[in-house]
Amino acid sequence: MEQIKLNLGSGKRKLEGYVNIDNRPEVDPDVVCDVIEGLPYHDNSINEVRAFDFLEHIPIGKTIKVIEDIYRVLKPGGFFEHFTPSTDGRGAFQDPTHLSFWNINTWIHYTNKQWNVYGIKAFFGVIRLEDVVTDKENKIIHTAGLMYAIKGA
């Protein structure tokens with residue numbers, strides 16, 4: 001059975017074995033798609049979604065919709081791996097193209113039903129969720145997560 005894995009916001013960092021998705025045709029992705037409008041895949045059809053240095057480029061107010069769409073396309077138990085500049089360091093704020101802001105605590109709304117007071121549909125189990133210092137000199141920290149979609153719970 002075919003394993004479908006998505007690399008969101010691939011830019012020029014295309015990955016072998018993934019469908020590389022970007023909204024910019026000039027970087028020659030496998031699929032040109034604005035994920036804010038939704039992913040062009042059926043529910044429960046994707047094995048893995050990778051979002052490295054991607055989520056911070058989604059505008060505040062659209063982030064829940066994007067995470068819910070990632071969750072929608074993931075198969076039950078499908079993996080979601082993300083790597084995002086954390087507000088616990090300077091990296092989240094130093095890039096003028098960043099439109100939303102993330103840290104470990106952001107993920108509590110997607111991983112702990114007691115914190116889901118907003119009716120968020122996406123629900124993930126956590127394999128790994130940690131801060132990683134990626135540039136000590138410039139005080140840049142990334143939040144790295146590996147999660148799996150919990151569906152029907």
Restricting to pairs with a member in residues 46-56, which pass side chain to side chain donor-acceptor pair (under 3.5 Å), not counting sequence neighbours? Q3-N47, N7-R50, Y18-E48, D53-H142

Checking T111 now: which residues fulfil side chain to side chain donor-acceptor pair (under 3.5 Å) with it, not counting sequence neighbours? none

D135: side chain to side chain donor-acceptor pair (under 3.5 Å) partners, not counting sequence neighbours: N138

Tell me the closest heavy-atom pair linking [X] and [Y], and the distance in Å.
X: K14; Y: G11; value: CG-O, 4.1 Å
X: E68; Y: G119; value: OE2-O, 4.1 Å
X: Y148; Y: V126; value: CE2-N, 3.9 Å
X: F52; Y: R13; value: O-NH2, 3.4 Å
X: T134; Y: I141; value: OG1-N, 4.3 Å
X: I150; Y: G125; value: CD1-N, 3.4 Å

Inter-residue atom distance [X].[atom1] - [Y].[atom2], 0.5 Å rounding:
X: S10; Y: L15; atom1: OG; atom2: CG; result: 8.0 Å
X: L6; Y: L8; atom1: CG; atom2: CG; result: 6.0 Å
X: H57; Y: S100; atom1: NE2; atom2: OG; result: 8.5 Å
X: L129; Y: T143; atom1: CG; atom2: OG1; result: 7.0 Å
X: K121; Y: N116; atom1: NZ; atom2: CG; result: 10.5 Å

So, using salt bridge (charged side-chain N to carboxylate O under 4.0 Å, His left out) as the criterion, who are the partners of D43 when residues are at least two apart? R72

Please determine whether residues I140 and L99 belong to a single hydrophobic cluster, defined as Ile, Leu, Val, Met, Phe, Trp and Tyr linked transitively by side-chain heavy-atom distances below 4.5 Å. no

Quick check: is I60 connected to I70 through a chain of hydrophobic side chains (ILVMFWY, heavy atoms under 4.5 Å apart)? no

Is the cationic atom of K5 (NZ for Lys, CZ for Arg) positioned less than 6.0 Å from the six-membered ring centroid of F79 and within 45 degrees of its normal? no

If you draw the axis of the six-membered ring of F123, does the NZ or CZ of K113 fall within 45° of it and under 6.0 Å from the ring centre? yes

Can you list, pair by pair, the side-chain donor-acceptor contacts under 3.5 Å of residues 26-42, counting residues two or more places apart and other chains?
{"from": "D30", "atom 1": "OD2", "to": "N20", "atom 2": "N", "distance (Å)": "2.8"}
{"from": "D30", "atom 1": "OD2", "to": "N20", "atom 2": "ND2", "distance (Å)": "3.0"}
{"from": "D34", "atom 1": "OD1", "to": "I36", "atom 2": "N", "distance (Å)": "3.1"}

Please list every donor-acceptor pair under 3.5 Å in which a side-chain atom of residues 81-89 meets a protein atom from a residue at least two apart or in another chain.
{"from": "S86", "atom 1": "OG", "to": "D88", "atom 2": "N", "distance (Å)": "3.0"}
{"from": "T87", "atom 1": "OG1", "to": "N103", "atom 2": "ND2", "distance (Å)": "2.8"}

Ring centres under 6.0 Å, that's the criterion: do F80 and F124 meet it? yes

Suppose we call two aromatic rings close when their centres sit under 6.0 Å apart. Are Y71 and Y110 close by that rule? no

What verdict does the side chain to side chain contact (heavy atoms under 4.5 Å, CB included) test give for N44 and L74, after you've listed the backbone C-alpha separation in whole Å, the side-chain angles of each residue and the deciding distance to 0.1 Å? CA-CA 5 Å; N44 305 310; L74 280 171; over 6 Å; no

Stepwise, does the side chain to side chain contact (heavy atoms under 4.5 Å, CB included) test hold for L55 with I67? CA-CA 9 Å; L55 293 172; I67 298 296; 3.9 Å; yes

